[in-house]
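Residues take their numbers from the sequence shown, with the count starting at 1.
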Amino acid sequence: LQDRLWSGKPQHLGRASLRHELSDLRRHFVAIGHPILATQGDDIVLDFTQVEKDIQGTPPPAHHELLEGMDIDDTEFEYWLSEERAYWYDKFSSSFTWTPALQAQSLPNLKDASRKFVPHLSLQALEAIGGDEKLADFAKGLDTEISAMFGAFVGAYTLIDRGFQGEGSADYVLTGTVRGSNLLRIAVQAVHAPDGGVVWSDRFDVPPSANFEMQERIARHIVESIQRVLSDGARAEHRTGADISTRAWELYQKGRALEARGGPRRLAPSLAYFRSAIEIDPNFLTARIALAFRLLDGLRNCWIDDREATQAEARRLTNDIIASAPENLWSQALSAFMACADGQFDEGLRIMEEVVRQTPESPEVASCLGAIHDYCGNNSNGAAMHRHALTLSAFPSIWIRTNLALSLLMMRDPSALEVTEDILEGDPQNVRALMVQAVSLLRASRMKDALAVADSIRTLDPHFAADTWRSPDFFSEKRQYTEIAQELKLIGF
């Protein structure tokens with residue numbers, strides 16, 4: 001706010017102006033009985049207990065301008081406003097319109113979209129403009145930190161060599177500059193390579209004496225922002241915070257990358273990464289939430305032997321997380337899944353629907369609601385939410401596609417076979433997708449092909465069995481679980 005509204009003033013005067021305006025605003029809203037502003041550290045936010053939000057209706061026409069009529073005589077503000085208007089113009093011109101009625105959307109053409117399951121990203125070296133050798137060293141150090149942190153997202157990105165062209169060339173290019181003397185300004189942007197459109201940009205002003213810790217903080221902010229824009233949606237909006245050590249953050253990201261790919265083989269190492277991150281930083285909320293979700297994954301998919309101890313650990317973690325961060329959306333989502341694990345399906349659905357109302361543009365949240373609809377036996381709603389989730393990101397996680405395949409299988413929809421073929425093209429070791437494929441082939445009277453897929457499943461997961469293809473505890477309608485178990489027995493499980 002200070003940089004956008006008082007960019008022409010020295011830093012101490014700009015901060016004083018910001019404090020003055022905030023003081024006036026607070027007094028005004030307190031006087032009318034609605035103290036809507038809250039301060040969290042250096043963040044100034046709206047207190048959502050004091051305001052109502054209307055974000056789920058039909059968006060305004062694309063020609064309507066964001067903050068129309070607001071003219072502030074500051075070049076930084078005008079630059080920011082022009083970028084925001086361009087972003088929202090593009091979004092309202094082309095995006096899917098959310099409707100809370102959960103109407104089924106047409107299935108995206110998954111075969112055409114399957115060329116790349118993860119973004120191909122080129123990290124261009126930050127350019128030091130002017131200055132001396134010290135400026136160049138700072139740019140090089142920050143460049144190294146950004147590259148190292150992206151390395152934590154194993155499987156989440158394909159990093160393309162700088163300047164590489166041709167098959168597999170970059171979808172997005174990260175570029176930036178470092179300039180200045182009395183104050184270093186770092187400007188970074190992510191560009192959509194095919195058309196040159198800017199999908200994200202930010203600036204940072206740091207003193208020339210900025211140390212290694214400052215480089216780490218800036219690099220982490222950049223990497224998390226890119227992750228939010230390209231892949232994770234709302235999941236990445238709950239930032240890990242500068243107080244979390246870089247090592248813990250890297251371990252957490254390694255666990256998240258494995259979690260996104262799914263499968264029983266990736267369960268144990270992802271749990272180990274999350275536990276190691278928490279061991280380094282016991283108050284690492286995001287890692288604790290991820291660990292609890294991963295334990296529930298193990299229960300839901302019968303990947304864990306000691307179910308009683310695992311469920312007790314997941315419940316204990318969930319209770320602690322809810323007590324410490326009740327407003328966190330992923331804390332609320334976790335409580336929804338824990339309710340389902342305890343057989344309280346209606347309560348889980350109620351909680352998850354509220355989370356979606358608060359975060360309508362998150363593909364992960366949408367597919368989580370779809371999963372709970374599936375638990376409740378509402379498979380048409382479940383499939384609709386998974387399809388909707390696939391429209392919310394250019395690179396949706398493979399587990400969202402797998403959730404859709406499972407919904408279609410439980411609906412006895414033959415298109416499940418086509419969806420699994422697409423999933424397996426990008427992740428041939430996806431046991432859940434292979435299971436859907438095997439049962440779909442059986443239903444299509446292709447027994448020989450079904451038996452061949454069953455052999456692949458045994459190779460990847462020797463413990464896979466008909467009675468444990470999924471936990472029956474996560475089905476309010478047990479018939480669906482039993483039918484698929486019987487079909488798996490027909491192909492040798």
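Ring pair H120/Y172: centre-to-centre distance not below 6.0 Å. Taking the six-membered ring where the residue is Trp, the centroids of Y375 and F475 are separated by 6.0 Å or more. The distance between the ring centers of Y252 and Y273 does not fall below 6.0 angstrom.
Using a 4.5 Å heavy-atom threshold, the side chains of I423 and V436 count as separate. Contact check for I400 versus L390: side-chain heavy atoms found under the 4.5 Å cut-off. Inter-residue side-chain proximity for M385 and N403 is flagged as unmet; no heavy-atom pair is nearer than 4.5 Å. In this structure, the side chains of R316 and D320 come closer than 4.5 Å at one or more pairs of heavy atoms. Between H221 and F204 the shortest side-chain heavy-atom distance falls below 4.5 Å. You'll find the side chain of V355 stays beyond 4.5 Å of the side chain of L369, heavy atoms only. The side-chain heavy atoms of T318 and L334, taken from C-beta on, include a pair separated by under 4.5 Å. Taking the side chain as every heavy atom from C-beta outward, D281 and W249 never approach each other to under 4.5 Å.
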Determine, stepwise, if the pair Q480 / N379 fulfils side chain to side chain donor-acceptor pair (under 3.5 Å).
-> CA-CA 10 Å; Q480 293 179 328; N379 300 122; 2.2 Å; yes
Let me see the working for D467 and K489 under salt bridge (charged side-chain N to carboxylate O under 4.0 Å, His left out), right down to the final yes or no.
-> CA-CA 9 Å; D467 293 336; K489 290 176 181 178; 3.5 Å; yes
How far apart are the C-alpha atoms of L37 and V45, what are their side-chain angles, what is the distance that settles it, and do they pass the side chain to side chain contact (heavy atoms under 4.5 Å, CB included) test?
-> CA-CA 6 Å; L37 291 181; V45 301; over 6 Å; no
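Within a 6.0 Å radius of CD in E279, no more than 12 heavy atoms belonging to other residues, nucleotides or ligands are found. Annotation: D306, atom CG; neighbour count of heavy atoms from other residues, nucleotides and ligands within 6.0 Å is above 12.
Salt bridge status for R266 with D427: present, with a side-chain N to carboxylate O gap under 4.0 Å. Using a 4.0 Å cut-off between a side-chain N of Lys or Arg and a carboxylate O of Asp or Glu, R256 and E250 do not qualify as a salt bridge. A salt bridge links D342 with R315: at least one charged nitrogen is closer than 4.0 Å to a carboxylate oxygen. With salt bridges taken as basic N to acidic carboxylate O contacts below 4.0 Å, one links D473 and R307. Electrostatic pairing of E145 and R220 does not count as a salt bridge here, judged by no charged N lying under 4.0 Å from a carboxylate O.
Defined by atom type and a distance below 3.5 Å, a donor-acceptor pair is missing between the side-chain atoms of R432 and T402. No donor-acceptor contact under 3.5 angstrom links the side chains of H192 and D171, judged on distance only. In summary, the side chains of D47 and H34 do not present any donor paired with an acceptor at a separation below 3.5 Å, with no hydrogens or angles considered. The closest side-chain donor-acceptor pair between N301 and S471, if any, does not fall under 3.5 angstrom.
For R288, there are no salt bridge (Lys or Arg N to Asp or Glu O under 4.0 Å) partners at least two apart in sequence or on another chain.
Going from atom CG of L409 over to atom CD1 of I484 covers 4.0 Å, rounded to the nearest 0.5 Å.
Here the side chain of S331 pairs a donor or acceptor atom with the backbone of A325 at under 3.5 angstrom. Not one N or O on the side chain of S367 forms a donor-acceptor pair closer than 3.5 Å with the backbone of E364. Judged purely by atom type and a 3.5 angstrom limit, E259 has no side-chain atom pairing as donor or acceptor with the backbone of R294. Remark: the backbone N or O of Q189 is not paired with any side-chain donor or acceptor of S201 at under 3.5 angstrom. In this structure, S324 contributes its side chain and I321 its backbone to a donor-acceptor pair below 3.5 Å. Formation of a donor-acceptor pair under 3.5 Å by the S362 side chain with backbone atoms of T359 is not found in this model. A donor-acceptor contact shorter than 3.5 Å links the side chain of T459 to the backbone of D455.
In this structure, A193 and A170 approach most closely via the heavy-atom pair CB-O, 3.4 Å. Of all non-hydrogen atoms in G255 and S270, the two that sit nearest each other are O-CB, 3.7 Å.
Among N381, D374, N378, the one residue that satisfies the side chain to side chain donor-acceptor pair (under 3.5 Å) test with S407 is D374.
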